[in-house]
Amino acid sequence: MTGIRVQTVRPDDFARVTSVVVVPARNEENFIPACLSGLFAQSGTTPAGIVLAVNNTSDDTADVALSLARRADWPMIVVEARYARGGVGRARRLGHAIALRAAPRAGVLLSTDADCLPDPDWQAEMEIALHDAPAVLGRIEVSEQELASFPSLFLLRQREETAFATLAMEFEQLMDPVGPGGIGLNTAGGANLGFQRGAYLAVGGYRSIPSGEDRDIIQRVRAAGLRPIRAETAVVCASMRTEGRAPGGMAEQIVARSAMADCSVDSALLPFDAMVSNHLGRPIATPRLTLSRARTDLPTLKRCVETLRALPGVDARRRHLAGLLPDDPRKRSD
């Protein structure tokens, strides 16, 4: 990391905040005003400090943000850094490290993206959820107005993937040992995540990786025996832009769904046989799920979920899954 620069607005007030929102930003001068305006306008809670982690930028993101914070008289830290590698993962990690140091009373660490618009009660809803949970996955929506402007092929593929994802989520929640309150699929998005301070530190925080840092940290939260939850009432609206910042992010998925060829779907989704095998302790290697495979698997997944709903618990559901795949050759006698 080279060329780090830190500027703070109202540092004494920042030191007293109990919640911090960390926002990574690269070349976001056009989006950051709306994002910050939404954060400044949060209702039903005490103001949160904001850390804007500006990385590898070539525009005036930092200056625009500082000007807005000064005008609003808002406690904010803007850190500018340049990385040879690591991208958004390093930006989130740096932003959280600065937040932890500059706001020692902050027990709530929230994360969103510079192209997102938080609902007016987003912060309050995340804080409520984090009162009892170590980590919270908020809801990420897209603008219906933006969505309507996309070609019909894209909209069709969006509906098809959503249909599969909805059933896959229910499948995972039905099979989750913690019960219906579990998160099911790990669809965590850094655009809407929150952590209790202790939980964030316990798992080592975000990792400095180019993308996927959001799902990686939630996977480590679960592996540590902690129980993240979803907060469907804590909503941010993400843009539908086709020029993204992180490799493998939402923008790349949007471009893929607009193409004529078959496309992959969300990396959290797996083919049906892989989903079943995972819950039987027999994970299998599979290529990334494509939309055409999701279409093929959808009727089978639907029938399976309908059956699982009627069974009384995870053990009974696992027994049902065991009858769907061939016998495990490792269990056969010679």
Side-chain angles (χ1 to χ4, degrees), residues 24 26-28 31 87-89 112-116 137-173 183-193 209-219 230 235-278 283-305:
R26 180 166 70 89
N27 294 334
E28 298 285 13
F31 283 94
V88 67
T112 190
D113 287 340
D115 66 331
C116 290
L137 288 68
R139 184 177 182 84
I140 303 172
E141 296 183 345
V142 296
S143 166
E144 291 298 327
Q145 184 176 0
E146 282 189 79
L147 192 61
S149 68
F150 279 77
S152 57
L153 176 63
F154 174 91
L155 298 176
L156 172 61
R157 288 177 166 182
Q158 183 87 348
R159 289 192 296 271
E160 290 174 333
E161 180 172 340
T162 298
F164 187 93
T166 299
L167 284 170
M169 178 66 76
E170 184 176 359
F171 174 96
E172 293 296 334
Q173 289 176 321
I183 65 169
L185 288 173
N186 179 3
T187 56
N192 198 351
L193 273 182
I209 52 181
S211 62
E213 77 291 341
D214 36 24
R215 296 181 183 181
D216 170 77
I217 191 172
I218 292 299
Q219 180 179 342
R230 293 184 181 274
V235 181
V236 302
C237 184
S239 76
M240 294 287 288
R241 63 185 178 188
T242 56
E243 294 183 8
R245 306 294 185 263
M250 181 182 288
E252 285 192 12
Q253 293 180 33
I254 290 171
V255 171
R257 288 176 199 162
S258 301
M260 292 302 295
D262 194 15
C263 62
S264 60
V265 297
D266 191 303
S267 60
L269 301 176
L270 298 173
F272 178 71
D273 58 349
M275 295 167 62
V276 172
S277 295
N278 284 346
I284 57 176
T286 60
R288 185 163 173 177
L289 180 66
T290 63
L291 190 57
S292 61
R293 175 66 184 272
R295 290 191 199 105
T296 300
D297 284 2
L298 183 61
T300 304
L301 175 59
K302 183 177 180 180
R303 288 193 297 272
C304 180
V305 168

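This one's a predicted model, so the numbers in the text were calculated from it and none came from an experiment.
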Run Leu185 and Asp266 through side chain to side chain contact (heavy atoms under 4.5 Å, CB included) and show every step you take. CA-CA 11 Å; Leu185 288 173; Asp266 191 303; over 6 Å; no
Donor-acceptor contacts under 3.5 Å from residues 271-278 side chains, at least two apart:
residue	atom	partner	partner atom	Å
Asp273	OD1	Arg293	NH2	3.3
Ser277	OG	Asp273	O	2.9
Asn278	ND2	Ala274	O	3.4

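- Of the possible polar contacts, none joining the Asp113 side chain to the Asp115 backbone as a donor-acceptor pair under 3.5 Å is found.
- Remark: the backbone N or O of Arg295 is not paired with any side-chain donor or acceptor of Glu160 at under 3.5 angstrom.
- To the nearest 0.5 Å, atoms SG (Cys116) and CD (Glu141) are separated by 11.5 Å.
- In this view, Arg230 and Thr187 satisfy the side-chain hydrogen bond (donor to acceptor under 3.5 Å, both in side chains) rule, not counting sequence neighbours.
- Distance CG/Leu167 to CE/Met169: 11.5 Å, rounded to 0.5 Å.
- Of the inter-residue distances, the one linking Arg139 atom CZ with Asn192 atom CG reads 10.5 Å to the nearest 0.5 angstrom.
- Applying the side-chain hydrogen bond (donor to acceptor under 3.5 Å, both in side chains) test to Ser292 and every residue at least two apart in sequence or in another chain returns Asp262, Thr290.
- The CD atom of Gln158 sits 10.5 Å away from atom CG of Leu156, with the distance rounded to the nearest 0.5 Å.
- Between Ala191 and Thr112, the shortest heavy-atom distance links the atoms O-OG1, 2.7 Å.
- Listed by chain and number, the residues in a salt bridge (Lys or Arg N to Asp or Glu O under 4.0 Å) with Glu170 are Arg309 (sequence neighbours excluded).
- The side-chain hydrogen bond (donor to acceptor under 3.5 Å, both in side chains) search around Asp214 returns none, not counting sequence neighbours.
- Looking at residues two or more places apart in sequence or on another chain, you find a side chain to side chain contact (heavy atoms under 4.5 Å, CB included) between Ala114 and Val23, Ala25, Glu28, Ile32.
- To the nearest 0.5 angstrom, Leu193 atom CG is 7.0 Å from Ile140 atom CD1.
- Under a 3.5 Å cut-off, the side chain of Thr166 and the backbone N or O of Ala163 do not form any donor-acceptor pair.
- The shortest non-hydrogen separation linking Asn186 to Ala268 is O-CB, 3.6 Å.
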Please step through side chain to side chain contact (heavy atoms under 4.5 Å, CB included) for the pair Phe164 and Val265, ending with a clear verdict. CA-CA 10 Å; Phe164 187 93; Val265 297; 6.0 Å; no
